[in-house]
Amino acid sequence: MNVPVVDPYQGEFPETIEEYLHHGTMKCIAFNRKGTLLAAGCSNGSCIIWDFETRGLAKEFRDKDSTAPITSVSWSRYGHRLLASATDKSLTLWDVPTGEKIARITLQQTPLRASLQPGSPTPSICLACPLSSAPLLVDLNTGSTTVLPVSVSENGNPPAPNPRNKFADGTPPFTPTAATFDKHGALIYVGNSKGEILIIDSKSIQVHAIVPIPGGSVVKDIVLSRDGQYLLTNSNDRVIRVYRNILPVKGSREEIRNISSNSNEYGSHYDKLKANGTSCLILSCELLDAITKIQWKAPCFSGNGEWIVGASANKGEHRLQIWNQAGRLVKMLEGPKEALIDLAWHHVEPTIATVSVTGFVYIWAKEHVENWSAFAPDFVELEENEEYAEREDEFDLNPREEQAEKVVIDEDADVDIETSEKNTVFSDVEDSVDEISYLPAIPYPDSPDEQPEKCLGSSKLEDSNHSGSPSSMDAVQNGQAIPPASSPMEVDNSTAEDPEEGPNSKRKRRLSVKGLELQQSEKGKKGSTKNKSLGKSTKSSAKKMESANGNSSAFDDEATEDDEINIDS
């Protein structure tokens with residue numbers, strides 16, 4: 001039975017939905033190298049950048065020439081450029097600091113994914129995976145494209161297409177392919193429809209090795225870990241396979257050329273490429289759900305490469321499964337009843353961002369537990385009350401115990417305030433002084449009737465039940481009735497009373513218990529004031545009636561005095 005097991009490293013992965021982001025209808029996401037910025041592509045053709053620490057909207061890119069939905073976004077190495085692919089067959093390169101469009105080209109096929117070459121700080125070469133053709137190397141400056149090989153025949157020549165598999169217009173059949181750069185962009189890993197991984201030189205476009213995948217199913221996704229040590233494939237046979245990369249991270253092109261120059265004789269060129277593949281990748285584990293046999297979507301590695309996450313591809317299901325490198329299932333995460341279309345694991349923190357079909361981005365994070373021992377090393381938490389025996393000299397100014405030796409500090413010593421220690425998380429990549437880690441947030445004025453919120457479109461989830469989604473808030477605002485358990489957050493009464501507010505409007509903060517008590521007390525004071533004023537008007541009218549009936553002046557004086565006494569009391 002597929003049951004999560006207890007892992008010694010438990011706690012290095014997210015556990016619950018902490019927050020969600022909402023701005024338009026987001027389709028795809030990607031973190032920058034340090035995880036401080038989150039880029040998202042929207043259905044209206046725009047790209048936005050979130051400050052992931054403040055959850056504020058920092059940048060928005062809009063192209064007047066394109067309003068088609070974005071299919072993928074990709075960061076450059078140091079965050080200076082952002083590449084976006086769209087359903088109108090376009091690739092757009094943006095300058096992040098200025099927000100200007102650097103280049104825009106149109107392909108012959110719709111690119112499902114596009115990624116910038118990681119070897120350059122300001123790359124102009126990208127790898128695009130079109131919908132129904134082989135992967136392409138695209139020069140964004142000149143617009144030139146280079147088609148990558150997706151298969152190799154027995155004699156080493158490209159295989160001739162089967163005329164029976166052609167469409168009516170003579171075009172080749174639909175062959176989905178997936179491709180990715182290695183860590184430094186020297187090699188390209190291509191997964192084809194025959195269940196093979198081709199390792200190609202990105203400069204000479206020569207196939208140096210082939211790794212057959214067990215089962216021979218269509219490869220839908222191929223992903224490399226951040227450190228370049230592992231590679232995973234998501235095949236059509238509902239299995240995620242993890243491979244260990246034997247090639248060195250640096251100098252992989254020279255190493256694979258040395259392997260290819262081996263003079264051993266083989267029966268065919270294809271057999272030689274398969275032999276070369278055994279010196280490049282080794283199958284580490286296979287991940288699948290043996291019970292439900294579900295298809296997987298958007299699998300990826302954690303930032304440290306220790307965990308693998310896969311999302312269910314079933315409609316109406318927002319479910320994640322996390323495995324360790326040994327192939328054991330360690331965590332299952334259940335989200336709202338919305339299909340998942342994309343996900344990204346934070347490069348530093350145990351945090352996952354997922355995109356639902358409704359356009360919301362959910363932030364999965366570790367559930368924090370208060371640890372009071374952090375305030376004092378000798379603090380001990382008690383499960384029940386215990387009687388404490390006070391020591392006689394415990395609170396004396398000079399206790400009898402030996403005092404700790406004072407640390408001698410040389411006040412005349414020079415202090416280095418310029419040199420900083422290198423971050424071990426990014427030790428594999430040289431830090432750049434010009435790297436973009438933060439962007440100034442876009443100011444959005446608050447309406448005077450509302451209290452300032454944390455950011456536009458960002459809300460904290462207040463209920464641990466994630467069976468619903470923020471989209472159910474729209475139904476509440478439109479006056480529709482929904483079950484209480486169908487939404488992951490509680491609905492504010494003030495929000496439900498304003499049906500004219502749209503889904504992009506800010507949600508008002510809910511009053512605390514003390515605030516509600518003050519509000520009720522103010523209402524009580526207003527009610528008592530109205531009663532007093534009503535009493536005054538009634539008595540004054542009675543006085544006029546009595547004087548009109550010809551009552552004596554003495555009687556009127558006494559009545560007036562009595563009225564004043566009653567009012568004062």
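Positions are given from 1, in the same order as the sequence printed here.
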Enquirer: Output the distance between atom CG (L333) and atom NE2 (H318), rounded to the nearest 0.5 Å.
Expert: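 It is 9.5 Å, given to the nearest 0.5 Å.
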Enquirer: Is it true that R55 and E18 have a side-chain N and a carboxylate O under 4.0 angstrom from each other?
Expert: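 Counted as a salt bridge, because a side-chain N and a carboxylate O are separated by less than 4.0 Å.
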Enquirer: Would you give the length of the straight line joining atom CG of N44 to atom CE of M26, rounded to the nearest 0.5 angstrom?
Expert: 11.0 Å
Enquirer: Determine, stepwise, if the pair L232 / I222 fulfils side-chain contact (heavy atoms from CB on, under 4.5 Å).
Expert: CA-CA 6 Å; L232 68 79; I222 184 167; over 6 Å; no
Enquirer: A side-chain contact here means heavy atoms from C-beta on lying under 4.5 Å apart; do T351 and P14 qualify?
Expert: no
Enquirer: Where is the tightest heavy-atom contact between I322 and L329, given as atom of each residue plus distance?
Expert: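 Result for this residue pair: O-CD1, 3.4 Å.
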Enquirer: With a 4.0 Å cut-off, would you call R81 and D95 a salt bridge?
Expert: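 No, R81 and D95 are not salt-bridged.
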Enquirer: Within the 4.5 Å heavy-atom criterion, are K27 and I341 side-chain neighbours or not?
Expert: yes
Enquirer: Could you give the distance from CZ (R33) to CD1 (I436), rounded to the nearest 0.5 Å?
Expert: 12.5 Å
Enquirer: Nearest heavy-atom pair of L148 and A134: which atoms, and what distance?
Expert: O-CB, 3.5 Å
Enquirer: Could you tell me if the side chain of I197 sits less than 4.5 Å from the side chain of L281, heavy atoms only?
Expert: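 The answer is yes; the side chains approach within 4.5 Å.
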Enquirer: Identify the residue among C47, C42, S43, S46 that makes a side chain to side chain contact (heavy atoms under 4.5 Å, CB included) with I70.
Expert: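 Single pass found, and it is C47.
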Enquirer: I308 and L287: side-chain contact (heavy atoms from CB on, under 4.5 Å), yes or no, with the steps?
Expert: CA-CA 9 Å; I308 302 99; L287 312 174; 3.8 Å; yes
Enquirer: Could you give the distance from OH (Y243) to OG (S284), rounded to the nearest 0.5 Å?
Expert: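 Those atoms lie 10.5 Å apart.
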Enquirer: Side chains of E367 and T16: is there a donor and an acceptor less than 3.5 Å apart?
Expert: no
Enquirer: How far apart are the C-alpha atoms of R104 and D88, what are their side-chain angles, what is the distance that settles it, and do they pass the salt bridge (charged side-chain N to carboxylate O under 4.0 Å, His left out) test?
Expert: CA-CA 12 Å; R104 183 179 186 273; D88 60 354; 3.2 Å; yes
Enquirer: Where do E334 and R319 land on the salt bridge (charged side-chain N to carboxylate O under 4.0 Å, His left out) test, with the steps shown first?
Expert: CA-CA 5 Å; E334 292 285 346; R319 182 158 63 94; 3.7 Å; yes
Enquirer: side-chain contact (heavy atoms from CB on, under 4.5 Å) between K331 and L320: does it pass, once the steps are laid out?
Expert: CA-CA 8 Å; K331 192 70 176 180; L320 307 177; over 6 Å; no
Enquirer: Do the non-hydrogen side-chain atoms of L127 and L137 ever get within less than 4.5 Å of each other?
Expert: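 L127 vs L137: side chains touch.
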Enquirer: Side-chain contact test, heavy atoms from C-beta onward, threshold under 4.5 Å: evaluate it for W345 versus F13 and give yes or no.
Expert: yes
Enquirer: Out of curiosity, C126 SG to L83 CG, how far, rounded to the nearest 0.5 Å?
Expert: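 So the gap between those two atoms works out to 5.0 Å.
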Enquirer: Please report the closest heavy-atom contact between E306 and S302, naming both atoms and the distance.
Expert: N-OG, 3.3 Å
Enquirer: Does L57 offer a backbone N or O that forms a donor-acceptor pair with the side chain of D51 under 3.5 Å?
Expert: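 No, the answer is negative, given that no donor and acceptor are paired below the 3.5 Å cut-off.
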Enquirer: Can you tell me if N32 uses its side chain to pair, donor with acceptor, with the backbone of G35 under 3.5 Å?
Expert: yes
Enquirer: Look only at the side chain of R238 and the backbone of K293, and say whether a donor-acceptor pair between them is shorter than 3.5 Å.
Expert: yes
Enquirer: Would the distance check show the side chain of S312 and the main-chain N or O of N314 forming a donor-acceptor pair, the cut-off being under 3.5 Å?
Expert: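 Yes; at least one donor-acceptor contact below 3.5 Å.
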Enquirer: State, with a plain yes or no, whether a side-chain heavy atom of W75 is found less than 4.5 Å away from one of V96.
Expert: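 Yes, close enough: below the 4.5 Å cut-off.
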Enquirer: Using the benzene-type ring in the case of Trp, are the ring centres of F52 and F31 under 6.0 Å apart?
Expert: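 So the answer is yes for these two rings.
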Enquirer: Do NZ/NE/NH1/NH2 and the carboxylate oxygens of E317 and K315 come within less than 4.0 Å?
Expert: no
Enquirer: Does the H347 side chain pair with the main chain of R226, one donor and one acceptor, at a distance under 3.5 Å?
Expert: no
Enquirer: Identify the two heavy atoms, one from L340 and one from K297, that lie closest to each other, and give their separation to 0.1 Å.
Expert: O-CD, 3.6 Å
Enquirer: Can you name the closest pair of heavy atoms from V249 and K183 and give their distance?
Expert: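 Closest approach of V249 to K183: CG1-CD, 3.3 Å.
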Enquirer: How long is the straight-line distance from CG of L224 back to CG of N245, given to the nearest 0.5 Å?
Expert: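 One gets 7.0 Å once the value is rounded to the nearest 0.5 Å.
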Enquirer: Under 4.5 Å between any side-chain heavy atoms of V309 and F301, yes or no?
Expert: no
Enquirer: Would N236 and K220 count as a side-chain contact (heavy atoms from CB on, under 4.5 Å) if you check the C-alpha gap in whole Å, the side-chain angles of each, and the deciding distance to 0.1 Å?
Expert: CA-CA 7 Å; N236 216 21; K220 300 188 298 182; 3.8 Å; yes
Enquirer: Between Y362 and E19, do the side chains contain a donor N or O and an acceptor N or O under 3.5 Å apart?
Expert: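 Checked: E19/Y362 side chains show no N/O donor-acceptor pair below 3.5 Å.
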Enquirer: Say whether W364 and T354, considering side chains only, have a donor N or O and an acceptor N or O under 3.5 Å apart.
Expert: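 The criterion, which ignores hydrogens and geometry beyond distance, is satisfied for T354 and W364.
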Enquirer: Under 3.5 Å, sequence neighbours excluded: what are the donor-acceptor pairs made by side chains of residues 111-123?
Expert:
from : atom 1 : to   : atom 2 : distance (Å)
R113 : NH2    : D221 : OD1    : 2.4
Q117 : NE2    : G185 : O      : 3.4
S120 : OG     : T122 : N      : 3.4

Enquirer: Verify the distance criterion only: is there a donor paired with an acceptor across the side chains of S132 and Q109 at less than 3.5 Å?
Expert: yes
Enquirer: For the residue pair L231 and V223, establish whether any side-chain heavy-atom pair is separated by less than 4.5 Å.
Expert: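 L231 vs V223: side chains apart.
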Enquirer: Between the side chains of S85 and S72, does any donor sit under 3.5 Å from an acceptor?
Expert: yes
Enquirer: Does either side chain, that of Q321 or that of D289, offer a donor lying less than 3.5 Å from an acceptor on the other one?
Expert: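 Checked: Q321/D289 side chains pair up, N/O donor to acceptor below 3.5 Å.
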Enquirer: Among pairs that include at least one residue of residues 82-134, which meet ring-ring contact (aromatic ring centres under 6.0 Å, His included), considering only residues two or more places apart or in two chains?
Expert: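 Found F61-W94.
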Enquirer: Can you give me the closest heavy-atom contact between C285 and Q325, atom names plus distance?
Expert: SG-O, 3.7 Å
Enquirer: Hey, are K366 and E15 close enough for a salt bridge, meaning a charged N less than 4.0 Å from a carboxylate O?
Expert: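 Answer for the salt bridge query: no.
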